[in-house]
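Have a look at the structure below before the remarks.
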Amino acid sequence: MGIYEISFWFLTVMALSCALGVILSRNPVNSVLFLIATFFAISGHYILLNAQFLAIVNIIVYAGAIMVLFLFVIMLMNLNADTEPQKNRLVQIAGAISGGTLLLVILAALRTSTITSLDQTSTDIGLIKNLGKTLFTQFVLPFEISSVLFLSAMIGAVVIGKKEQTV
Amino acid sequence: MQLDIAFIIEKVLLISVILLGSLGIAMYATWAERKVAAVMQDRRGPNRAGFMGLFQPLADGLKLFFKEEIIPDRSTRFLFILGPALAMLTAVMTSAVVPWGPDISADNGVISLQVADINIGILFIFGVVSLGVYGVMLGGWASNNKFSLLSSIRAASQAISYELAMGLSLVAMLMMTGSLSLREIVEQQHGFWDNGYFTWNFFKQPLGFIIFLTCAFAELNRAPFDLPECESELNMGYHQEYSSMKLGFYLFAEYINLFISSAVIATLFFGGYNFPFMDEVAGSVNPILFAIICVMALLTKVICIILFFMFIRWTLPRFRYDQLMRLGWKSLIPLALVNMVITGAVILWVIK
């Protein structure tokens, strides 16, 4: 096994176990920390794919900004394991059934699929120069439309924030 | 894939030298800070341990190491320990992408004075800076103390707000350099004067530099933006419950951050290891001596910037929290955007 495969399996195990940690840990702060570790594992996968730009943007945007805000909210609300609200039994049963169905579907899909070996052909599309050229030539319309979407979300957030201030 | 032993040894050596160097400089930055404060307030400053108090940092370090280690009863133990560790880790991680000197061409290959020349060097710095908040936030929350929590939330919101303006101010500069690699940015600033204009980015992006510098002050939690450790409102700040070397690590990480960010500012805006008439010097001395001179030039710039940070700290009073937020969101971000538009117009119509 080469260093490539070792790091691939290490990152995969890390991503999966940290993702499990997110839903299994009782303390919400620990959940957020596990989620950050998951993002790091996924960024590691991006680096293995030679997509350095995606890897670092994943860290800046998700681990550096969004998760900080999550942590912010959780800390201010001071959620602890003992203050966790008791969930309705009906909700629990519904959750178990829907989750179990999803598991069955995934298992059925996995059973019929074949395992392909890791392919190590190098690509350069993830490097910032190529990615930028592709985004601003081939996909310029979807790119600009998604930026309009972000702008409207931002304006919406400002409007909601203002409304609370005046009331 | 074959592992190159010589390559690993070279990198480990370089990393150790940079790490020890930044620790040493951070250590003496604490001494310099107290001396600068003393000079500006017409005092003598530390002068008991050694000549001019030069052993004072060692004495402080020893004191912190030998103090009793207290972990509060109601704290979240693991996160309480993780906080200072993260602060220290993110402080030193940025040094990996700073080019400390030019390549040295030896008999058997080229020795690079940069740990990793990744083509997204600036984004790496932003990534690490944005992670730097976690050390403060986790430490403050895990202490289970209201003042620590308030202070860590202040620190986090301040860091997030100023990261935006920081990124925007650099976008304008990146439009001129056309590269995200720190090495390329430094090489474009070769020498001092070329083609009838200065080569250093400071002269090409003065407004961007001022915005970046202001944001650096805020990111470093230094006066006039040291609200996270505002004693008059928050007792002491996010490290109130910390004692012994854990407190030491928080304080020390701040000074390492100061050193590394001064190095980044010198690299981005003041030509890094370049200095005037460097081609003439390169022609007359041997390559290793030339590399040493280049490293010295970079360190001189870094020390000047550190001193500037200190002068500002002891000159300006602390901002109020709403003033800080207003400055960040309503002045710096629009200024950075205007700077970006002007730079774009100049590149499009003037320089071409």
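Quantities reported herein were computed from a predicted structural model and do not represent experimental measurements. In the text below, chain A, chain B and the rest are named by the order of the sequence lines, each starting its count at 1.
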Exercise answer: donor-acceptor pairs, residues 59-77 of chain A side-chain atoms, under 3.5 Å, sequence neighbours excluded:
none

Going by residue number, which parts of residues 33-46 of chain A are within reach of chain B, meaning a heavy-atom gap below 4.5 Å?
A:Leu33, A:Ile36, A:Phe40
Listed by residue number, which members of residues 96-109 of chain A have a heavy atom under 4.5 Å from any heavy atom of chain B?
none
Gap separating the OG atom of B:Ser181 from the CD1 atom of A:Ile128, nearest 0.5 angstrom:
11.5 Å
Part of [X] within contact of chain A (heavy atom distance under 4.5 Å):
X: B:Leu123; result: both
X: B:Ile153; result: both
X: B:Phe78; result: neither
X: B:Ser179; result: neither
X: B:Leu180; result: side chain

If you count heavy-atom pairs under 4.5 Å between each of B:Leu150, B:Val129, B:Leu138 and chain A, which one has the most?
B:Leu138
Looking only at non-hydrogen atoms, find the nearest pair between A:Asn27 and B:Trp141 and report the distance.
ND2-CH2, 4.1 Å
Partners passing salt bridge (charged side-chain N to carboxylate O under 4.0 Å, His left out) against B:Arg326 (at least two apart in sequence or in another chain):
B:Asp322
